[in-house]
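Just so it is clear, the structure is predicted and the values come from calculations on it, not from any experiment.
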Amino acid sequence: MAEKQSNVNENYLNYVRSFAAPTKHFHNSFRAFIVGGGICCIGQFVRVMLENWTNLSGDELAGSVSIVMIFLGCFLTGLGVYDRIGKAAGAGSIVPITGFANSITSPALEFKSEGYIYGLAAKMLTVAGPIIVYGVLAGVSVGLIYLFAGG
């Protein structure tokens, strides 16, 4: 009976594989690497320009670069450009800070027709909410470990 069951499973898996398109793992990884790296290069360019133009340094510079990159992610999402970048690059567009900005802006734009309270405000953090919650919990956990470990 067990041999017949594994034969049926094997036949079913072969049947499913016959319809599935082959995955291009290397090609997808390469595009994600190029686009994610390109976004990071843009962030580095913004950092260098802000450093030269405003004489910022340290935390002020890091915060300013983050603000500019978040703005660019939201702006490109509003124009519909970031979604096209995401379709072409996959995970490469999600990893940088601009991907986080996109994950907040996209639901806000999608549900704005339902009103500011029940649409925009209620749905804005549907994608990013769990990320924020678990990020804060991880930060608190690491802080407590650091505090009690005598660091």
Side-chain angles (χ1 to χ4, degrees), residues 12-151:
Y12 177 73
L13 290 175
N14 289 335
Y15 177 73
V16 170
R17 285 185 197 121
S18 71
F19 288 103
T23 308
K24 302 174 185 175
H25 296 295
F26 180 76
H27 184 261
N28 292 343
S29 297
F30 182 73
R31 286 193 322 195
F33 175 77
I34 294 298
V35 172
I39 292 171
C40 292
C41 286
I42 292 169
Q44 186 64 34
F45 175 76
V46 169
R47 178 184 174 91
V48 169
M49 290 296 111
L50 284 175
E51 195 171 24
N52 290 334
W53 292 341
T54 62
N55 295 323
L56 291 175
S57 62
D59 291 340
E60 293 87 11
L61 180 60
S64 299
V65 171
S66 296
I67 289 169
V68 169
M69 294 305 290
I70 289 169
F71 170 78
L72 287 175
C74 292
F75 183 70
L76 292 176
T77 299
L79 294 177
V81 173
Y82 207 88
D83 293 336
R84 285 183 280 189
I85 293 171
K87 285 180 185 173
S93 66
I94 296 172
V95 177
I97 195 168
T98 52
F100 183 72
N102 174 269
S103 70
I104 291 176
T105 308
S106 290
L109 291 173
E110 184 177 343
F111 294 105
K112 72 179 179 181
S113 62
E114 295 180 23
Y116 288 114
I117 302 298
Y118 293 114
L120 187 115
K123 304 288 185 177
M124 183 173 7
L125 296 176
T126 55
V127 175
I131 297 168
I132 294 170
V133 169
Y134 289 114
V136 169
L137 286 176
V140 168
S141 301
V142 168
L144 289 174
I145 292 169
Y146 183 74
L147 175 69
F148 291 122

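- Considering only heavy atoms from C-beta on, Thr98 stays 4.5 Å or farther from Ile70 through its side chain.
- Between Ile97 and Ser66 the shortest side-chain heavy-atom distance falls below 4.5 Å.
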### Task
For Leu56 and Glu51, run side chain to side chain contact (heavy atoms under 4.5 Å, CB included): C-alpha distance rounded to whole Å, both residues' side-chain angles, the deciding distance at 0.1 Å, then the answer.
CA-CA 5 Å; Leu56 291 175; Glu51 195 171 24; over 6 Å; no
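- Every residue meeting the side-chain contact (heavy atoms from CB on, under 4.5 Å) condition with Gln44, not counting sequence neighbours, appears here in chain and number order: Arg47, Val48.
- To the nearest 0.5 Å, atom CG of residue Leu50 and atom OG of residue Ser64 are 6.0 Å apart.
- In plain terms, the two heavy atoms of Lys87 and Arg31 that are nearest each other are O-NH2, 4.4 Å.
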### Task
Test Thr54 against Met49 for side chain to side chain contact (heavy atoms under 4.5 Å, CB included), laying out the working first.
CA-CA 8 Å; Thr54 62; Met49 290 296 111; over 6 Å; no
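- From Tyr82, atom OH reaches atom CG of Leu76 across 8.0 Å, with rounding to the nearest 0.5 Å.
- With rounding to the nearest 0.5 angstrom, the SG atom of Cys40 is 9.5 Å from the CZ atom of Phe33.
- We find the CD1-CG distance between Ile39 and Leu72 to be 10.5 Å, quoted to the nearest 0.5 Å.
- In this pair, Phe19 and Tyr15 present their aromatic rings perpendicular. The plane angle is above 60°, beyond the 30 to 60° band.
- Within 6.0 Å of atom CG in Asp59, 12 or fewer heavy atoms from other residues, nucleotides or ligands are found, so the atom counts as exposed in its surroundings.
- Counting all heavy atoms, side chain and backbone alike, Arg84 lies closest to Leu79 at NH2-O, 4.4 Å.
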